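Chain naming here is simple, since letters A, B, ... match the order of the sequence lines and numbering starts at 1 in each. Here the structure is a predicted model, which is why all the values come from computation and not from measurement.
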Number of protein chains: 2
Amino acid sequence: MAEGPRPGGQHGETLLFLTDEQLRKGIEAMFFAYKGFTSDPDRILEPRGYGRAHHRAVHFIHRSEGTTVNNLLAILGVTKQSLNRVLRTLIEDGLVESRVGTRDKRERNLYLTDEGKLLERELSDAQQARVRDAFRAAGPGAVAGFRTVLEAMMDPEMRRRYQRLTENAR
Amino acid sequence: MAEGPRPGGQHGETLLFLTDEQLRKGIEAMFFAYKGFTSDPDRILEPRGYGRAHHRAVHFIHRSEGTTVNNLLAILGVTKQSLNRVLRTLIEDGLVESRVGTRDKRERNLYLTDEGKLLERELSDAQQARVRDAFRAAGPGAVAGFRTVLEAMMDPEMRRRYQRLTENAR
DNA sequence: CTAGCAATGTCAACAAGGCTGACATAAAAC
DNA sequence: GTTTTATGTCAGCCTTGTTGACATTGCTAG
């Protein structure tokens, strides 16, 4: 990191961090970090017979209370059959409530029940604890960079959804 | 972000970026970014009848040529049955070669064949292109922060493996 | 040398969670 | 009144993870 035989290339600083090796490090970091990122919720979900898909549904319903099935489909990027399987069990288990839309009665507005909120809290707490520790250890500047890079890595469509989410929740 | 009723808390800057909302943003950024991160390789793999598991195997065999099955198992964090299924198809298809170990004949040393290297290149090129663009757009400082946070997010055991990988490949 | 342990491979069965395609219903829109 | 939209559902398939059991080979310690 200090000297060495010009690790980046011979074209100056703008390329210095874009060698194959640096990119590979970034790629592997994503792989290993994502593993850690999902491990705590996975452990909580498993004894309840739920999986990551349930977590995602619960998360985004919490995040956008009253959202419609179609909106959830777009955010999660899965098929309706796939989402429906998950949603059905959550509704049957009394964690999610599906109310007929008022404006448009074809739509279903999704809400977490009290029990659903409990699970959401438990999952959030676990995942947030890890992210908080990582953020604390890394410092504010690193966190800003982290989010900048992640945002740049998203597909444009997903980036729009992501940004819309954060502004809604302000 | 500018004013409002003290979004972080009343304890000053060190807590300012650790509100629930900030943590949620980080969590959602991971989710959406990981989607983008895997999308290009997935598209390449699909017509060949391979999946993400094949990609990971090919990546880490390339990264650590001659690695053993056990080592790969530890890096990937899956069961040997799961890995073996993938490895078997890659060997049958002539992308990976498995040579009996010299030092310890129980071990198998794994190598990419020329054809395997071709696939690895194709996958790498696609994934690196996205990461490179993101890194370029975000700038060197952001990239450093990105990796710092990701590293802090890993399980300690995985962090060790990650760091060992990068030092070996130097 | 032999007993035990280690590294690998393999069979079978199962589950989660993606996918496609087809079809049904109710409500909105035209 | 026909068409489109939002949703739900059935059936079947695939990948990739899991567990448990078992076989083979080779290293290692006694």
Nearest-Å distance, NZ (A:Lys80) to C1' (D:dC10)?
12 Å
Classify the side chain of A:Arg85 and the base of C:dG18 as holding, or not holding, a donor-acceptor pair under 3.5 Å.
yes
Using only heavy-atom distances, decide whether a donor-acceptor pair under 3.5 angstrom links the side-chain of A:Arg106 to the base of C:dA28.
no
A:Leu72 atom CG is separated from D:dA6 atom P, nearest whole Å, by 15 Å
Rounding to an integer number of Å, can you tell me how far B:Glu107 CD sits from D:dT25 P?
17 Å
If you go through the side-chain atoms of A:Arg108, does one of them form a donor-acceptor pair with the base of D:dT7 closer than 3.5 Å?
no
Whole-Å distance between D:dT16 P and B:Leu45 CG?
8 Å
Can you work out whether A:Tyr50 or B:Thr68 has the more 5'-proximal nearest nucleotide on DNA chain C?
B:Thr68
Rounded to whole angstroms, how far apart are OH on B:Tyr34 and C1' on C:dG18?
15 Å
Could A:Arg99 and A:Tyr111 be counted as a cation-pi pair, given that NZ or CZ must be under 6.0 Å from the ring centre and within 45° of the axis?
yes
note: A:Asn84, atom CG; D:dA11, atom P; distance rounded to Å ~ 14 Å
Would you kindly check whether a donor in the side chain of B:Gln81 faces an acceptor in the base of D:dG20, or vice versa, at under 3.5 angstrom?
yes
Is it the case that the ring center of B:Phe135 lies less than 6.0 angstrom away from the ring center of B:Phe146?
yes
Whether the side chain of B:Ser82 engages the backbone of B:Thr79 through a donor-acceptor N/O pair (distance < 3.5 Å, no angle test) should be reported.
no
Whole angstroms only, please: what is the NE2-P distance between B:His55 and D:dG17?
14 Å
Are A:Glu122 and A:Arg48 close enough for a salt bridge, meaning some N to O gap below 4.0 Å?
yes
Rounded to whole Å, please give me the gap between CG in B:Asp42 and P in C:dG17.
17 Å
Minimum heavy-atom distance B:Thr67-B:Leu72, with the two atoms named:
OG1-N, 4.2 Å
Considering heavy-atom distances to DNA chain D, does B:Lys105 or B:Gly77 have its closest nucleotide positioned more toward the 5' end?
B:Gly77
Toward the 5' end of DNA chain C, which comes first, B:Arg88 or A:Val78, by nearest nucleotide?
B:Arg88
